[in-house]
Amino acid sequence: MAISAFVLVRDQDETGPPAAVAPAASPSASDAPLTVAQVHQALTPSVVLIRTAGRDAQDRAEAGSGTGVIANADGTVLTALHVVDGAETIEVTYADGTKATATIASRDPAQDIATITPQKLPETLVPAVLGGGAAIGDDVVAIGNPLGLTWSTSSGVVSGLDRKLDRDDAADIAGLIQFDAAVNPGNSGGPLINDRGQVVGIVVALANPTGAGTFIGIGFAVPIGAALGGGGDGNGQAPPL
């Protein structure tokens with residue numbers, strides 16, 4: 001099924017880097033289902049606010065914000081490419097308030113996925129658990145920075161699989177997870193998390209036939225396996241980004 005009406009959920013607002021290590025799926029997860037509150041508590045330290053400025057051509061805004069998730073013990077952040085693409089400056093803010101400039105380490109335009117490398121890490125770094133698949137009806141949680149409301153948490157279920165987004169300026173993205181946890185501009189690049197505390201997808205878009213850019217009940221995420229370059233089944237192993 002193709003979805004042609006969509007909005008990329010990037011908010012309008014407000015010496016060289018270390019070598020990046022490509023994120024890979026992490027096997028550790030909760031043995032028992034977690035509540036939304038427990039997912040929020042466990043994953044919020046792994047979520048970052050991304051602010052950009054000085055974007056380039058193609059009528060892009062001069063400033064914006066989005067979300068990322070810490071994907072490796074080296075501090076590599078996984079996000080949506082459209083959040084950072086073309087930015088002259090990228091700033092990451094961690095949950096403890098630490099701020100750092102960052103640079104793009106890798107990009108995957110076909111999946112709208114990028115990794116960025118912050119120049120400074122917080123005192124306590126908490127990488128997220130990556131991995132796991134998604135099935136229709138699964139409980140999921142989205143954590144992000146919608147409309148500048150930082151580290152917001154919403155919950156819902158997986159409402160569809162293998163969806164396709166038609167993009168005017170790039171090739172379609174296929175194999176997406178459809179979900180009904182509320183997301184808005186600023187959520188883009190943030191994690192979609194299952195009830196075991198695993199990041200199963202990266203939020204990239206929401207459906208809105210009016211083009212208004214607000215949530216009407218349908219969001220889309222790139223499966224974590226595809227985001228990591230290993231296909232859509234959640235293994236995230238090879239080839240890495």
Side-chain angles (χ1 to χ4, degrees), residues 1-14 36 39-40 43-44 47-53 55 58-69 78-87 90-91 93 111-114 134 136-170 172-193 199-223 227:
M1 178 180 179
I3 305 296
S4 58
F6 73 98
V7 179
L8 296 176
V9 288
R10 173 184 161 273
D11 191 20
Q12 311 287 329
D13 52 55
E14 43 173 291
V36 174
V39 171
H40 169 83
L43 269 295
T44 292
V47 177
V48 302
L49 168 66
I50 298 174
R51 288 194 174 100
T52 61
R55 302 179 70 82
Q58 300 181 5
D59 295 324
R60 287 170 172 156
E62 288 302 313
S65 68
T67 303
V69 60
L78 189 62
T79 187
L81 177 58
H82 73 264
V83 170
V84 296
D85 194 26
I90 303 170
E91 181 187 71
T93 302
Q111 296 293 338
D112 191 20
I113 292 293
I136 294 176
D138 282 355
D139 292 327
V140 287
V141 172
I143 302 176
N145 305 293
L147 307 175
L149 301 171
T150 54
W151 289 276
S152 296
T153 298
S154 59
S155 64
V157 300
V158 173
S159 54
L161 294 173
D162 201 25
R163 300 308 197 202
K164 183 173 75 171
L165 289 183
D166 299 326
R167 299 190 290 178
D168 293 335
D169 58 351
D172 300 344
I173 307 178
L176 297 177
I177 301 169
Q178 176 187 314
F179 62 94
D180 68 0
V183 290
N184 278 288
N187 272 106
S188 201
L192 187 69
I193 308 149
V199 176
V200 298
I202 299 298
V203 177
V204 293
L206 58 87
N208 194 311
T210 70
T214 54
F215 184 67
I216 60 169
I218 300 174
F220 300 99
V222 174

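Scope of the values below: all heavy atoms of this structure, side chains included, with no hydrogens, waters or symmetry mates.
- When side chains are defined from C-beta on, V199 does not count as touching L192, because their heavy atoms never get closer than 4.5 Å.
- In this structure, the side chains of V83 and D85 stay at 4.5 Å or more apart for every pair of heavy atoms.
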*Which is it for L176 and V222 under the side-chain contact (heavy atoms from CB on, under 4.5 Å) test, yes or no, and what are the steps along the way?*
CA-CA 5 Å; L176 297 177; V222 174; 3.7 Å; yes

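- When side chains are defined from C-beta on, N187 does not count as touching N145, because their heavy atoms never get closer than 4.5 Å.
- A donor-acceptor pair is defined here as one N or O able to donate and one able to accept, closer than 3.5 Å; no such pair exists between the side chain of T67 and the backbone of L49.
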*Show your reasoning for whether side-chain contact (heavy atoms from CB on, under 4.5 Å) applies to N208 and T214.*
CA-CA 7 Å; N208 194 311; T214 54; 3.5 Å; yes

_Before you tell me yes or no, could you show the steps for V69 and T79 under side-chain contact (heavy atoms from CB on, under 4.5 Å), namely the whole-Å CA-CA distance, both residues' side-chain angles and the distance that decides it to 0.1 Å?_
CA-CA 7 Å; V69 60; T79 187; over 6 Å; no

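- Counting heavy atoms from C-beta on, the side chains of V47 and P191 come closer than 4.5 Å.
- When all heavy atoms are compared, the tightest approach of S154 to A182 is OG-O, 2.6 Å.
- Rounding to the nearest 0.5 angstrom, the gap separating the CZ atom in F215 from the CG atom in N184 is 7.5 Å.
- Residues A134 and I177 approach most closely at CB-CD1, 4.0 Å, considering heavy atoms.
- Using a 4.5 Å heavy-atom threshold, the side chains of D139 and F179 count as separate.
- Taking 4.5 Å as the limit, every side-chain heavy atom of Q111 sits out of range of all side-chain heavy atoms of L81.
- Minimum heavy-atom separation, I143 to H40: CD1-CA, 4.1 Å.
- Residues I50 and I90 have side chains in contact (heavy-atom distance under 4.5 Å, counting atoms from C-beta outward).
- Residue A80 comes nearest to S188 through the heavy atom pair CB-OG, 3.6 Å, listed as atom of the first residue, atom of the second, then distance.
- Looking only at side-chain heavy atoms (C-beta outward), D180 and V157 come within less than 4.5 Å of each other.
- The heavy-atom pair separating A227 from I202 by the smallest distance is CB-CG1, 4.2 Å.
- Considering only residues two or more places apart in sequence or on other chains, I218 meets the side-chain contact (heavy atoms from CB on, under 4.5 Å) condition with Q178, A207, F220.
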*asked:* One pair to check against side-chain contact (heavy atoms from CB on, under 4.5 Å): I193 and V140. What are the steps and the verdict?
replied: CA-CA 5 Å; I193 308 149; V140 287; over 6 Å; no

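- Atom CG of D138 and atom CD1 of I136 lie 9.5 Å apart (nearest 0.5 Å).
- Put simply, the side chain of D172 never gets that close to the backbone of K164: no donor and acceptor are under 3.5 Å apart.
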